[in-house]
Each structure stands twice: as C-alpha cells, then as structure tokens.
S.K.: 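Let me give you the structure first, and then I'll get to my questions.
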Amino acid sequence: MNSGIDLQGTFIQSLSDLGISAELAKVLWMPFPMLLMIIGATVGVLVNVWLERKISAAVQQRIGPEFAGPLGVLQPVADGLKLVFKEDITPANADPYLFTIGPILVVMPVFISYLIVPFGQNLVITNVNTGVFLWIAFSSVVPIGLLMSGYASNNKYSLIGGLRAAAQSISYEIPLALSVLAIVLMSNSLSTIDIVEQQSGYGILSWNVWRQPVGFVIFWISALAECERLPFDLPEAEEELVAGYQTEYSGMKFALFYIASYVNLVLSALLVAILYLGGWSSPIPIEVLSNLIGVDPATSWVQVVDASLGIGMTVLKAYFLVFLAIITRWTVPRVRIDQLLNLGWKFLLPIALANLLITAALKLAFPTAFGG
Amino acid sequence: MQIAEGVQLVTFGILSVLMLGAALGVVLFANIVYSAFLLGGVFISMAGIYILLNADFVSAAQILVYVGAVNVLILFAIMLVNKREDFKPLKNNWIRQGTTALVCAGLFTLLSTVSLVTPWAISTTTIPLASSIVPLAKHFFTDFLLPFELASILLLMSMVGAIILARRDFLPDSVGTSTPDSLTLPERPRELVGK
Amino acid sequence: MLKFLKQVIDYGKETAQAAKYIGQGLAVTFDHMQRRPVTVQYPYEKLIPSERFRGRIHFEFDKCISCEVCVRVCPINLPVVDYEFDKASKKKKLNSYSIDFGVCIFCGNCVEYCPTNCLSMTEEYELSTFDRHELNYDSVALGRLPTKVTDDPMVTALRTMAYLPKGVMSPRDLPAGAQRANSNE
C-alpha cells in the first residue's frame, strides 16, 4: 500500500523552503483543515437538505424546490439566509443562558466528530488512535445540549422532547458501540484509517458488510435513532410534542439544531461507509485497474486520480446511505416511545451482543478471514 | 518545541481554571440544574487534562461514561423530580454553611499537604506512546484482573438492584390515599415561600 | 426448553416478516420516485373549476327587488340588504347590498332561492386579503365581472380529473378539442 498524497508534508516542506521554521509552518497549516472541515460539513448539509427536499418531493409525486437556482439547488441557501435574518426570540421566563448554550452544545460535538472521517490515505484531519471511539464519545455529549435546551425553554413539550431525546440517544448508543466493537475486533484498531485499510484488499468483496451483515443493520438502525430521523424522530414528534425541544426556538438558534441534525445524518452515513462499505476504496481496487492498463500505481497522475476517486467514493457511498435514510423516512411510520425503547433494549442490544460474541469466536476460528 | 510547550501551558491553565470554576459553581449554585450542567463542564475539562497527559483513550472514555451517561442520568433524575419551587430560607443557615465550608477547607488542606509531602516519582522524560489502548487492556487482563472483575460484579449487582427496585409493583388499595412512607424519600419537608 | 426454543423461532419469524414488510414498503416508495408529479404549479398553472363550483357570489344590482329571501335562507342571515320604500312608485328601492365573504360559507342557498336570479355563483376563489374587513364586499364589488382562469394569458389552465378524456391521467399537452369521458351522455 503506497502512502498516497501527503498534503501536509508538502505544505510544510514548501514553507520551510521559503525560510520559515518547520514549527511555524505547522502552525500555519493548522487553520486549513479546520476551515475545510467546517466548510465541507456545511456544504454537505446544504446538499443534504436539497436532496431531502427533492427526493421527498419525488416520492410524493411533487416537484419540490424548482425556482431558486437550477433545479432549486440554491433553496437550502435561501432557507439558511431566511433563518439568519429571522428574529431571535427568547421566551419570557426561559433561562436565557441555558437557552443559548443548548444549541451550541448540540452543534459542536457533531462538527468535531468530522475530525476522524477519512477521505483518503492522508486525507483525514487527525488520525488519532481512538478514532471511532472518539466519535461515540462526542456524540454522547449531544443529549446534554438537548436536555439543556428542553429545560431552559420553560415549556413542557420542550422538556418532554429533551428528555425523550436523551433517553433515546442513551439507549441506542449501546447497540451502536457494540456493533462498532465487532468491527474494531476484526481490524485490531480503533483508527478509522486502519479500519478502511483492513477492508481494501479485494475490492468490494473485502468490505465489512459481507462479514458483518447483522452489525451493519444494527449500526444503521441505531444511527438513524441517534440522528432522530424518522421512524425514530420521537423527540420532535409534531403530533404529540409540537416540535419537541425546538418548540421555543427561532432564527439562528433553531438553525443550529437544524444544521446539527443534518450534519449528524451525513456524519453517520459517512461512518457507515467507512466502517462497512470500505470507505474510500473503490469496488475494484485501483491497483488492479492501473495494472490492467499497464501503468505503475506509483505514478503521480494515478495518485491524483486515486485521491480524487477516494473522495468521490466516500461521498458517493455516504450519499447513497442518505438516500436510503430519506426513502425510509417516507416509508416507515413513526414508532411509539415504548416501541422505540423495546426495539433498542430488547432487540438490538441482545443481537448486538450475540453478534460481538460470534465475531470474537469467528476471529479465533478463522483468523485469516476475520482479522487475526 | 517552544510553540508546542507554550500551547500546552496555556491549555493547561485554561483547563484548570475552567475545571476549578465549574467545580465551585457545582457547589455554590442554588439552582440544582445549573450545578448538574456545570458538573458536565468539570468532567469535560478533566478529559482535556487527560489528553494533556497523553491518555487519549482515558479521556474519550471519561467523556463517554461521565458526560454521556452519568451526567445525563443525573440531569434526567433532576428534571423528572425538580419542581422549581422557592423554599423559605432556613433559620441559622449560616451555621450549616460555615460548618460545611470549614469541613471542606480542612479536607482541602489535608489533601494538599498529602500531595505536597508525598515524594512523587516524576519521570521528566515523556514516553510517546503509540497507542495507550493495548497497554491498558494488558493491565486489565493481567495484574489488574481482580479489581476489574470485582468492579464489573459490583456494577452488575447495582444493576440488578435497580431493576428490582424499578419493577416493584405498587398498587394503591384505594384511590386518594396518600402514598405510604416507605415510598417517599426520607427528607425533612421544607416550607414553600407561598404558604 | 422446547417451548422456549419455539418462542425464539416465532420471534425470529416475526422479525423476518417485519423486515420483509419494510422492504416491500421501500419498494413501493422507490417505485413512486419515477412517476410524474401530480401537483399543479399553482401561480403558473390553475385548475379549471367545475360548472357547479361555488366561488365568490356575483350580484346584479338592477335585478334585485329587495325581497330579502337571501337573508332568510342564509344559515347566518349574512347578506345586508339596505332599501327604502319609495312611496311614489310603491316599490322598494335598493340602496346597497353587501355580503361578507370572511363569514360566508358558500353554501349557495341565497343563489338557489333568489326569485329574480340576481345572485349567481362565479369561478373566483382567490379571495385572500391582508385585512379581513376587505372581504366585506359591497354591491359594487359583488357586481364586478368575474375573472376566468381560461382568460388569463399568464396562466396555463388545466382540466380536473373528471374532465379528461378516457384513459388520460395528465391534463398537460391535451390534443385540441379533446372531449371528456362520457361527454355524450
């Protein structure tokens, strides 16, 4: 496996050639990935909102946004602008501090989790050892923000919505973590890079989804529940709770919740792609292809193609899963809160445990196929 | 390594101030919900200090377990029970507060003397660990096996206990009778402001 | 033990069945994605109201004999008929007539009972205003010639489902002179 393109190394190298010390060059490099992450996540959200509206329209035999830009692609931007300029209302008797901190606490961990999403061999912001574990840890901070905003709104619907959100994300975090653990068991590492590398041997055949079909389903269901997507959007069930914890919010604070939910959806889809669908690796390995046409895989243009194909593949897989989530939204009716908790604790949790045990047993029995 | 060291120092300072401030807030706020949220702040700054000590796994576990589970459950309990009532201030409240402050100050001096007197074996050379997960796991399954298993048995016991408590079926014989004393918290009733 | 095993098997079967049903549902949803939109792009396209559509009420001042039948048949006595008795001609002389469309339920009783047919239903349904008092139409407003969807050059008028030829589902791009189904009956 070649190392691919190393942007950071090249940047630091070229700056030190200009006479700047390597350390300062590293400091100068730092803002780029951060900015890239924020911009990438935001653009991902815009695309996601547009897709959601268009696909929902198609499913319901409507046209959807049409006039803002070609095919309505600028509609999410218009939505965002509208929310920015809307009046920001803090209800009377609400707790102004908690009311403001709540949405911020919801958004931040989701954006930070993008740190560990790799788009290629070196196209990751930090290749930390804790990898996916960091994501699970950060996503567990979100319910605190939801509880905070639910409590601070001084509205019983908000409070119930916040409590439901917290209950839901606590109970679905466990099957989620257990199915991730089965993957980690196979790749011997928590790092997302290592997890993708481990699946990149034989193209589509070596993807984890064939070795972990049960884990894949559990992970996807739990991820939908964590993102509060239909059929699990109980915290904001319109018919029961008006809009749950978002009831009293307007303007930019509401937009933060909105962004957080969509960023979270894209993030979950990206992580499913990384953990189960081979991340940046294409269905047919690029080495095989370049050997077919008789080009050395180490040539620079093949490297560039490889890197862009990696980004494209990751995004493509992620948006396929987003598409699946949107289709599911219009197919499955919302579950009740007791059905939701039953599904989490009595169905997904035992199956995830059994899946983990079976994976461990298979790893001992067939170390070649299940990561020795 | 000057910039890195400077960043480390500043981060340590910010984290310590945050942690101490949040901890004081937990104790001193009258509103119990604020205290619970600040407790989350304490846990998160503690996780930051773990990162400064090169213990990345422990810090992520700190966030997952303490912020994501323990603190959320505390908040849950508070929000399901807390009725936002204003209580009458107790008579001679300053005696209680003074005693608490005294005890706390005593404990603080005791602990700080202990930490100052103890000859800590500080190794000045930092060992950059490739991954702290594997050594942690090795410790868990070799020399720390017994404490690890005991802790898990303790957790299992508490879980079984919680389930038994939660499953206790209580059917009131007649509607309207007050709940028996065994189901109420042994707490002295306090008078409300309005009464 | 066997009973427990049976329970487990039944549970598994139920799960598989649930998964199957969700899969079927997804297939239905997916199938809908490739169908044509059924919606009408409102400000640019409008449906032609049917013949018996009950829209804004039209009133002809000169035909009215101030008999107040419309008031009596109205469920809420809504029309306001302001007249005075002209002693010279021994007839009622109408001063003004008004209906508040913010209150009217468009039941059409007044139109039905009007002895001189001075009240009639129009196709107009775009009555929204910024102030509800503007919905109180006086005899001048009620007497305005109703607009028709088919006369508006800005609007593509579309036929509703019942007025399409047999087997045609989309009102767009109909051949000229296409007759509705069962039109000869």
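Numbers restart at 1 for each chain; the letters A, B, ... are given by sequence-line order, proteins then strands.
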S.K.: Measure A/I170 against the heavy atoms of chain B and call it side chain, backbone, both or neither at under 4.5 Å.
M.R.: side chain

S.K.: Where on A/L159 is there a heavy atom nearer than 4.5 Å to chain B: the side chain, the backbone, both, or neither?
M.R.: side chain

S.K.: Using only atom types and a distance under 3.5 Å, with no angle test, would you say the side chain of A/S187 pairs donor to acceptor with the backbone of A/D194?
M.R.: no

S.K.: Is it the backbone or the side chain of B/F57 that comes under 4.5 Å from a heavy atom of chain A, or both, or neither?
M.R.: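 For B/F57, backbone and side chain are both near chain A.
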
S.K.: Any idea how B/F141 and B/F148 line up, ring-wise: parallel (<30°), tilted (30 to 60°), or perpendicular (>60°)?
M.R.: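 Because their plane-to-plane angle is over 60°, the rings of B/F141 and B/F148 count as perpendicular.
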
S.K.: Counting only non-hydrogen atoms closer than 4.5 Å, does A/A177 touch chain B with its backbone (N, CA, C, O), its side chain (CB onward), both, or neither?
M.R.: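 A/A177 has no heavy atom closer than 4.5 Å to chain B.
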
S.K.: Surrounding OH of A/Y157 (heavy atoms of other residues, nucleotides or ligands, distance under 6.0 Å), is the total greater than 12?
M.R.: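 At most 12 heavy atoms, drawn from other residues, nucleotides or ligands, come within 6.0 Å of this atom.
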
S.K.: Shorter than 4.5 Å, heavy atoms on both sides: which option in A/I136, A/I101, A/V141, A/L98 has the most such pairs with chain B?
M.R.: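 If we count pairs closer than 4.5 Å to chain B, A/L98 comes out on top.
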
S.K.: Check each of B/L15, B/I14, B/L9 against B/T11 using the side chain to side chain contact (heavy atoms under 4.5 Å, CB included) test, and report the only one that passes.
M.R.: B/L15

S.K.: With a 6.0 Å cut-off on ring centres, are A/Y245 and A/F257 close enough?
M.R.: yes

S.K.: Under 4.5 Å heavy-atom distance to chain B, tell me which part of A/L190 shows up: side chain, backbone, both or neither.
M.R.: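 Answer is side chain: those atoms of A/L190 sit under 4.5 Å from chain B.
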
S.K.: Heavy-atom cut-off 4.5 Å, strictly under: side chain, backbone, both or neither for A/L105 against chain B?
M.R.: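 Contact with chain B involves no heavy atom of A/L105 at all.
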
S.K.: Is it the side chain or the backbone of B/A36 that comes within 4.5 Å of chain A heavy atoms, both, or neither?
M.R.: neither

S.K.: Please say whether more than 12 non-hydrogen atoms of neighbouring residues, nucleotides or ligands are located less than 6.0 Å from OH in B/Y66.
M.R.: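 No, because the 6.0 Å sphere around OH of B/Y66 holds 12 heavy atoms or fewer from other groups.
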
